[in-house]
2 protein chains.
Amino acid sequence: MNAAELLSHHHLKKSSARISIIRALQELETPASEPEISNKMGIHYDRTTFYRSIQTMVEAGLIRKIVVDKLVVRYALRDKPDHAHFYCDNCQQLTCLEDIHPGPYRLPAGFQTRESDVIIRGLCNSCSNHLPIETIH
Amino acid sequence: MNAAELLSHHHLKKSSARISIIRALQELETPASEPEISNKMGIHYDRTTFYRSIQTMVEAGLIRKIVVDKLVVRYALRDKPDHAHFYCDNCQQLTCLEDIHPGPYRLPAGFQTRESDVIIRGLCNSCSNHLPIETIH
DNA sequence: TTCTTGGTGCAACATTGTTGCATTTGATAC
DNA sequence: GTATCAAATGCAACAATGTTGCACCAAGAA
Ligand SMILES: [Mn+2]
Ligand SMILES: [Mn+2]
Ligand SMILES: [Zn+2]
Ligand SMILES: [Zn+2]
C-alpha cells in the first residue's frame, strides 16, 4: 500500500510532509527515530512539521510511536498487529517481537484501555553471543 | 524501611541528595516526576545531582523509572514486585496495577531479558465515569 | 476558478537530561 | 578525633527533543 493510499485509508489529506514520512518509514523497514527519518527525507525538512505530521498520523492510527525510554523514541508504520518490542541495551537496536501480543489485561472496574505497550530491555541475540561477559555492566 | 536502611541495603553511600529523594518518594506514595519530587525536596535542590542520584539508585535497583511517554517520566521506590502501570490520558494520573505482572516472555533464541515494562494508556475509572463522551477526543 | 480549511515553515521557547570541573563530604583507616 | 581518598555535590554550559504562535500556502470541494 503506497503513501497516498494509506493516507486516504485513514481519512487524512495527502500532503508532502506526510507522504515523505511514510515513504521514509517504508524504506527503513524498522522503527526509526526522528533523526533517522529526517535523514531519509532529504533537504527541505522542518522539525515542527515533522512532529505535527507524526502526531496527526499517530492519532489516526497510521503510525505507531514506540517509547523505549526518554531520549529513545521510535516511530513505525502500524502495518502489523500490535506486538511487544525488544530494545538491546548494548547495540540500541529495536526488534519487533511479532509473536508477543500485549494483553488483554484485566483492569480494575471503570478503567478503559486505549492502547498498551510492552517494552522488553536486555541483550539481543547478536550482543549476547559476541560480547565477553565482563564488558556487560 | 527508612532511607538510610534502604541505601545500605543496596550498598550505596548515604548522602543528603539520595536520602531526600527517597523520603520524597516515600511521602508521595505514588510514582512521581522530577518536578514533583523536587518540590518535596524543598530548597537547596540541584537538578544535576538529582539525575545523577536517581541514575545510581535506579541502577542499584532501589528506584524504578517508569517511562510512559517522552515528557512523561515518573520515578518510584522499587518496594513492590514488578507490575504494569496505567496512565490516564485525561487526568495524567499513573496507577500501579499490582495484579498485572509482566511476562515472563518467550523470546527468540539468544535474547536475554534484563527488565520489562507494561504501560497501558486510556481512561481511569474516575475519568471514564465523570467525563461526557463528547469531551473525550 | 474560487473558496475554505487545514498544512507548512520559521523563529522563539520549553522541558528534560548531560558533561566538565572544582569543591565538599562520607566512610574507612589510623 | 584526625587524616585520607574516593565518591558525591554544585554550578555553568550545553544537548536533544518537542511545543507554540503566526504568517503563508496548498489540497480538495463547490
Ligand atoms: Mn514493531
Ligand atoms: Mn508502580
Ligand atoms: Zn544488541
Ligand atoms: Zn484519569
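Small disclaimer: the values here were computed from a predicted structure and weren't measured.
- Atom NE2 in B/H11 sits roughly 17 Å away from atom C1' in C/dG26 (whole-Å rounding).
- Atom CG of A/D79 has more than 12 heavy atoms from other residues, nucleotides or ligands within 6.0 Å.
- In this structure, A/E34 places its CD atom 17 Å from P of D/dA15, rounding to the nearest Å.
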Polar atom pairs between nucleotides 3-7 of chain D and protein, under 3.5 Å, N or O only, would you list them?
from, atom 1, to, atom 2, distance (Å)
D/dA7, O4', B/K13, NZ, 3.4

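- For the pair B/K14 NZ and D/dT9 P, the computed distance is 14 Å after rounding to whole Å.
- Within residues 49-57 of chain B, the residues that place at least one heavy atom under 4.0 Å from DNA chain D are, in residue-number order, B/T49, B/R52, B/S53.
- Computed from coordinates, the A/E59 CD to C/dG6 P distance equals 14 Å when rounded to whole Å.
- A pairwise comparison of heavy atoms in A/C127 and A/N90 identifies SG-OD1, 3.2 Å as the closest pair.
- For A/R47, whose side chain is taken as the heavy atoms from C-beta onward, the closest listed nucleotide among D/dA8, C/dG7, D/dG18 is D/dG18.
- Under 4.0 angstrom from either OP1 or OP2 of D/dG10 there lies at least one side-chain N or O belonging to B/H44.
- Partners of A/N125 by side-chain hydrogen bond (donor to acceptor under 3.5 Å, both in side chains), not counting sequence neighbours: none found.
- With rounding to the nearest 0.5 Å, the separation of CD in A/E34 from CE in A/M41 is 9.0 Å.
- When each of B/K65 and A/S15 is assigned the nucleotide of DNA chain C with its nearest heavy atom, A/S15 is the one assigned upstream, toward the 5' end.
- Remark: P of C/dG6 and CG of A/L12 are 12 Å apart, rounded to the nearest angstrom.
- A/L7 places its CG atom 18 Å from the P atom of D/dA26, with the value rounded to the nearest Å.
- Rounded to a whole Å, the CZ atom of A/R74 is 17 Å from the C1' atom of D/dG18.
- No more than 12 heavy atoms of other residues, nucleotides or ligands sit less than 6.0 Å from atom CD of A/Q93.
- As a whole-Å value, the separation of A/D46 CG from D/dT20 P is 15 Å.
- Contacts of A/Y75 classified as ring-ring contact (aromatic ring centres under 6.0 Å, His included), with partners at least two apart in sequence or in another chain: A/F50.
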Compile the donor-acceptor pairs under 3.5 Å between side chains in residues 16-24 of chain A and protein atoms, sequence neighbours left out, one pair per line.
from, atom 1, to, atom 2, distance (Å)
A/R18, NH1, A/K13, O, 3.0
A/S20, OG, A/S16, O, 3.2
A/S20, OG, A/A17, O, 3.1

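- Side chain B/T48 to base D/dA12: a donor-acceptor pair is found below 3.5 Å.
- Evaluation of the side-chain hydrogen bond (donor to acceptor under 3.5 Å, both in side chains) rule for B/R74 yields no partner, not counting sequence neighbours.
- Summarising the geometry, atom CG belonging to B/L94 is positioned 10.5 Å from atom OG belonging to B/S33; distances are rounded to the nearest 0.5 Å.
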